[in-house]
Amino acid sequence: MDKQRQKPIVLTGLQPTSGIHLGNYLGALQNWVSIQDEADCLFFISNMHAITVPQDPIELRKNTIDCVAVYLACGLDPKRSHIFVQSQVIGHAELAWILSCLTPLGQLERMTQFKDKSGRQAGEFVGAGLLYYPVLMAADILLYNAHLVPVGEDQRQHLELTRDVAEKFNGIHGPLFNIPEPLIRGNCARVMSLQNPTAKMSKSDPNSLATVFLSDSDAQIMKKFRSAVTDSGTEVRASDEKPGIKNLLHILSGVSGRSVAELEMDCAGMGYGKFKTVVAEAVIECVRPIRVRMEALKEELLYLQSVMEEGHADAQARANATLAKVYDHVGFACGKNL
Ligand code: TYM
């Protein structure tokens, strides 16, 4: 374990909303799997972030457990990594409160995701949690003193805020936190919608053809790629004038492990119809084994619970140690009678 602790600490997670999609897998999960041998890894399920928009409690509980099954099906290994649920660890909310007192309100109001999400809910209820979302994310990362945070491109700004608040805390209270680095890798850091290749692939897209889920059947995946929006040309090339084709080439590169340049050569002269089928088939080969493992694991409730419990015990011990130091630094009394 001591040796383990000398490795860089990696922490990351995703929200347990229904449906983990291809963007989550290629932009995040696939990279998490490959980093497990190089780092001391903590992977969690951010159910506290999920309630920044309304959630049905029964669905949320189910999605949280299903998410553990997705993690394992994608290749996260509880023998090498710690897998836990955010709300089970006491410390995330406590640290978030302390960090919120150091975070400029203006910086939170300028966050792209806050502007997007609150804009979409214009005229409806917008909870303050949506604004404080990045502070909770900073707390997730700093509570474990993570060095590296593997995420997709959309989380970069949140990582910048985390670094700012860590530096501010260290500046005021003395050095305590590592300044974490985002780890944003490869062509799939921003997988785009299949129906609008200038917008990010997202689980909440109202167009059911836009997003490929890891739970999709082979036929559904084929249908979604066959109807992917491209352009009126014929040349299979990853250029900015061809965002649809570029996205498909990036996806093909992500699932096959081959370079975009190599794929452009292989697919030259193929025509868009054939090319879409080739991409669909490669994605099907990648997703099918994950889907099969996921379905089997969802039946293993006791096993999933045991993974969460082990992960929780380790995470709580680390969180307690950091929080005790934070309380000490900020001047919270923590003696027996205080
Ligand atoms: P979430 O659940 O939105 O997404 C999980 C991960 O998937 C990546 N991702 C994508 N990558 C490429 N293309 C896409 N279209 C795409 N869509 C999503 C995200 O970048 C992310 O890495 N706030 C986080 C969860 C979180 C977290 C943290 C992450 C909470 N605390 C602390 C890291 C560290 C989120 O909502 O991810």
Side-chain angles (χ1 to χ4, degrees), residues 9-33 35 41-53 55 60 63-64 67 70-71 74 76 84-87 89 91-93 95-96 99 111-114 116-117 129-130 132-163 165-166 180-205 210-214 243 247 250-251 253-255 315:
I9 300 170
V10 162
L11 174 125
T12 192
L14 57 72
Q15 290 189 57
T17 35
S18 63
I20 307 298
H21 58 73
L22 195 61
N24 297 133
Y25 178 69
L26 295 176
L29 276 154
Q30 199 180 41
N31 295 329
W32 307 355
V33 171
I35 207 170
C41 291
L42 295 133
F43 301 115
F44 74 105
I45 293 154
S46 63
N47 57 347
M48 291 165 73
H49 282 98
I51 64 162
T52 52
V53 294
Q55 297 285 337
L60 181 61
N63 289 339
T64 303
C67 220
V70 174
Y71 278 11
C74 288
L76 297 186
F84 64 96
V85 178
Q86 185 184 29
S87 64
V89 179
H92 291 251
L95 184 55
L99 299 179
M111 299 303 277
T112 311
Q113 274 202 6
F114 171 70
D116 282 357
K117 288 191 182 175
L130 209 53
Y132 276 66
Y133 182 114
V135 185
L136 179 58
M137 195 164 148
D140 300 334
I141 297 166
L142 301 179
L143 193 57
Y144 303 96
N145 242 325
H147 299 97
L148 291 172
V149 184
V151 282
E153 182 61 44
D154 62 343
Q155 301 297 319
R156 189 185 288 281
Q157 201 182 29
H158 292 158
L159 260 294
E160 277 161 17
L161 183 135
T162 303
R163 291 167 58 84
V165 73
E181 295 281 346
L183 195 65
I184 300 173
R185 268 187 189 161
N187 293 321
C188 289
R190 191 171 178 85
V191 174
M192 309 308 271
S193 152
L194 296 186
Q195 287 297 307
N196 175 6
T198 58
K200 188 183 72 164
M201 183 178 282
S202 125
K203 47 192 141 199
S204 54
D205 199 313
T211 306
V212 173
F213 294 100
L214 297 184
N247 188 37
H250 284 172
I251 291 174
S253 167
V255 295

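Ligands are counted one by one from 1 in listed order, and the atoms in each one are counted from 1 as well. Heavy-atom basis, side chains included; hydrogens, waters and symmetry copies ignored.
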- Item | Lys/Arg-Asp/Glu bridge criterion (N-O < 4.0 Å) met for E153, R156 |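 Here E153 pairs with R156 in a salt bridge, since their nearest N and O are under 4.0 Å apart.
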Check ligand 1 for N or O atoms under 3.5 Å from a protein N or O and list each pair with its distance.
{"residue": "ligand 1", "atom": "2 (O)", "partner": "Q15", "partner atom": "N", "Å": "2.9"}
{"residue": "ligand 1", "atom": "4 (O)", "partner": "N24", "partner atom": "ND2", "Å": "3.4"}
{"residue": "ligand 1", "atom": "7 (O)", "partner": "N24", "partner atom": "ND2", "Å": "3.1"}
{"residue": "ligand 1", "atom": "11 (N)", "partner": "G23", "partner atom": "O", "Å": "3.2"}
{"residue": "ligand 1", "atom": "13 (N)", "partner": "V191", "partner atom": "N", "Å": "2.8"}
{"residue": "ligand 1", "atom": "15 (N)", "partner": "V191", "partner atom": "O", "Å": "2.9"}
{"residue": "ligand 1", "atom": "15 (N)", "partner": "M201", "partner atom": "O", "Å": "3.0"}
{"residue": "ligand 1", "atom": "20 (O)", "partner": "G152", "partner atom": "N", "Å": "2.8"}
{"residue": "ligand 1", "atom": "20 (O)", "partner": "D154", "partner atom": "OD1", "Å": "2.4"}
{"residue": "ligand 1", "atom": "22 (O)", "partner": "G152", "partner atom": "N", "Å": "3.1"}
{"residue": "ligand 1", "atom": "23 (N)", "partner": "Y133", "partner atom": "OH", "Å": "2.7"}
{"residue": "ligand 1", "atom": "23 (N)", "partner": "Q155", "partner atom": "OE1", "Å": "3.3"}
{"residue": "ligand 1", "atom": "31 (N)", "partner": "D140", "partner atom": "OD2", "Å": "2.6"}
{"residue": "ligand 1", "atom": "36 (O)", "partner": "Q15", "partner atom": "NE2", "Å": "2.8"}
{"residue": "ligand 1", "atom": "36 (O)", "partner": "Y133", "partner atom": "OH", "Å": "2.6"}

- Task: Please say which of I20, V85, T17, N47 ends up in a side-chain contact (heavy atoms from CB on, under 4.5 Å) with C67.
- Result: I20
- Item | Exercise: identify the closest heavy-atom pair between G129 and T52 | O-CG2, 3.4 Å
- Closest non-hydrogen atom pair, Y25 against C74: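 Taking every non-hydrogen atom into account, CD1-SG, 3.7 Å.
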Contacts table for residues 182-195: side-chain donor-acceptor under 3.5 angstrom, sequence neighbours left out:
{"residue": "S193", "atom": "OG", "partner": "Q195", "partner atom": "N", "Å": "3.0"}
{"residue": "S193", "atom": "OG", "partner": "N196", "partner atom": "N", "Å": "2.8"}
{"residue": "Q195", "atom": "NE2", "partner": "S227", "partner atom": "O", "Å": "2.9"}

- Task: Describe, in one word, how the ring planes of W32 and Y71 are oriented to each other, choosing from parallel (under 30°), tilted (30 to 60°) and perpendicular (over 60°).
- Result: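 Perpendicular.
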